[in-house]
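Below is one structure, written out as structure tokens, with a few remarks after it.
All values below come from the heavy atoms of this structure, side chains included, with hydrogens, waters and symmetry mates left out. We count ligands from 1, going down the list as the structure has it; atoms in each ligand are counted the same way. Residue numbers count from 1 along this sequence.
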Amino acid sequence: MPEFDFDLFVIGGGSGGVRAARIAASHGARVAIAEDYRLGGTCVIRGCVPKKLLVYGASFAEDLKDAKRFGWDVPDCRFDWPHLRDEVQAEVARLEDLYRDTLATRGVRIFQQRAGLLDPHTVELADGSRHGAKIILVATGARPVLPTFPGADLGVSSNEVFHFKAVPKRMVIAGGGYIANEFAGIFNSFGSKVTMVLRGGEILRRYDAAVRDRLMEISRSKGIDFRFDTKFEGVDQEPDGTLAIRTTDGRTLKADCLLFALGRRPNSAGLGLEKLGVALAKSGAIVVDADSRTNVPSIFAVGDVTDRVQLTPVAIREGHAFADTQFGNLPHRVDYDCIPSAVYSHPPIAAVGLTEAEAREKHGMVNVYTADFRPMKNVLAQRDERALYKMVTDGVTGQVLGLHMIGPDAPEILQAAAVAVKAKLTKAQFDETVALHPTMSEELVLMR
Ligand code: NDP
């Protein structure tokens, strides 16, 4: 008889947990996974996937207008939000089923309920059943930060956006990060009057200043309003449902929806971690080493609950490395250097490596090259919107330290360029590559 019911018990069926469970099972481990909501986690159920589908849906607003400039006879179009919302949810359900099938075909036992830790080798489920495991992996993700000012409960988080009954006519978005800018672009395209309220003076603080400024300029030209250095005092609901949002600048914003996009906090509470002495950071993040192991040797954690880099592909790599190392005799670790990222704003931003400010601080002498251009399609469409690509190189070696882009398809273009940046290629090596004409991406090898 084996000592434990399972070799691995995963708590949380999101990107990191599912990958770890699947790979561990493929290495022959006896694996169980518990998820109290829907398999797939934030990315599949209420994050990257449905959001990207809404971004596609929103992009038609401009495409349909542009089409007329390209000779198409486009009748006046009407946008049907419930149609898109339901199609997106159907796709989410399809993906959730795929996740379930993938786990089941690899023999992973799925418990559709909440789980907690009783001791370093025992998981207790909501139904009271207890399961012993040689190793327990916590992959419970993160949840939206919600503020506590009076009336804040009248606001919603990104979780609720995907289920809106209707497109809000007036939308106030709190925050200026990923989620705020992405939903501002989406709902502005669907016809909402969007106002972004930020506590500071900058959007997307971790991105290069030049692309941030370009996004703000374009967002403003599309009708998105920004209120900087502004905090909330309270919200009241008027008899017709309108939200009266009082801010510290003494104004009252009227809106149909208040969306909080103020960051995400690790889901580490209520799992019994403190009782077992598992070290937690002030943010609630589970503290782990480079192998995703906590200070309790049989307990590991991956993904957003560890708050290393809150991105799906990183959680997937962490889960994969953990499973290969612990169950496949294939030890390896995640390399966090040069992780590309994107903001699916309108237009999108994509970046890899150091911003100009970071490069100057770290390397001293740097060179900066830019391509500031109006994409060919925008010219014929009579759209003034300009794209901006920026390359930051080491002043001595010419190595590309960072690449920052805003413009149509920037994330699609940057993924390929990120390979070159990760491989530490130089600007000269970029320039040795013949341009692929006519494209937007050719600007990458033509920057001055
Ligand atoms: P972000 O960290 O991107 O942005 C948070 C925003 O909220 C910032 O503007 C921040 O301001 C502001 N903020 C934080 N706390 C407060 C507060 N107490 N009062 C007022 N403002 C506050 O978080 P998001 O919620 O947008 O996204 C969460 C995470 O999810 C991201 O960090 C990212 O890792 C991931 N994500 C990734 C996406 C992608 O890859 N495309 C898309 C969506 C989410 P300040 O700048 O002043 O700190």
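A salt bridge does not link R19 to D324: none of the charged nitrogens lies less than 4.0 Å from a carboxylate oxygen. Salt bridge absent: K169 and D256 never bring a charged side-chain N and a carboxylate O closer than 4.0 Å. Between D307 and R264, none of the side-chain N atoms (NZ, or NE/NH1/NH2) sits under 4.0 Å from a carboxylate O, so this pair counts as no salt bridge.
The residue among G177, G263, P340 with a heavy atom at the shortest distance from atom 24 (P) of ligand 1 is G263. Nearest-residue assignment for atom 2 (O) of ligand 1 (options E202, R206, R264; heavy-atom criterion): R206.
Taking the ring centre of Y344 as origin, the terminal cationic atom of K51 falls outside the region bounded by 6.0 Å and 45° from the ring axis.
Here is the list of ligand 1 atoms found below 4.0 Å of a heavy atom in L311: 40 (O).
Residue A342 has at least one N or O atom closer than 3.5 Å to an N or O atom of ligand 1. Below 3.5 Å of separation, one finds an N or O of E182 facing an N or O of ligand 1. For the pair V343 and ligand 1, the shortest N or O to N or O distance does not fall below 3.5 Å. Residue-to-ligand polar distances keep Y344 apart from ligand 1: every N/O pair is separated by 3.5 Å or more. Below 3.5 Å of separation, one finds an N or O of Q310 facing an N or O of ligand 1. The N/O atoms of G176, backbone and side chain alike, include one that comes under 3.5 Å of an N/O atom in ligand 1. Considering backbone and side-chain N/O atoms, G175 never comes within less than 3.5 Å of an N/O atom of ligand 1.
Residue-ligand proximity: K231 is placed with every non-hydrogen atom at 4.0 Å or more from ligand 1.
What sits closest to atom 45 (P) of ligand 1 on the protein, heavy atoms only, is R205 NH2, 3.3 Å. Counting only heavy atoms of the protein, atom 10 (C) of ligand 1 lies nearest to R199 NH2, 4.2 Å. For atom 31 (C) of ligand 1, the nearest non-hydrogen atom of the protein is Y178 CD1, 3.5 Å. When only non-hydrogen protein atoms are considered, atom 21 (N) of ligand 1 lies nearest to L262 CD2, 3.4 Å.
Under the ring-ring contact (aromatic ring centres under 6.0 Å, His included) test applied with F183, the options F260, Y178, F162, F164 reduce to a single match, F162.
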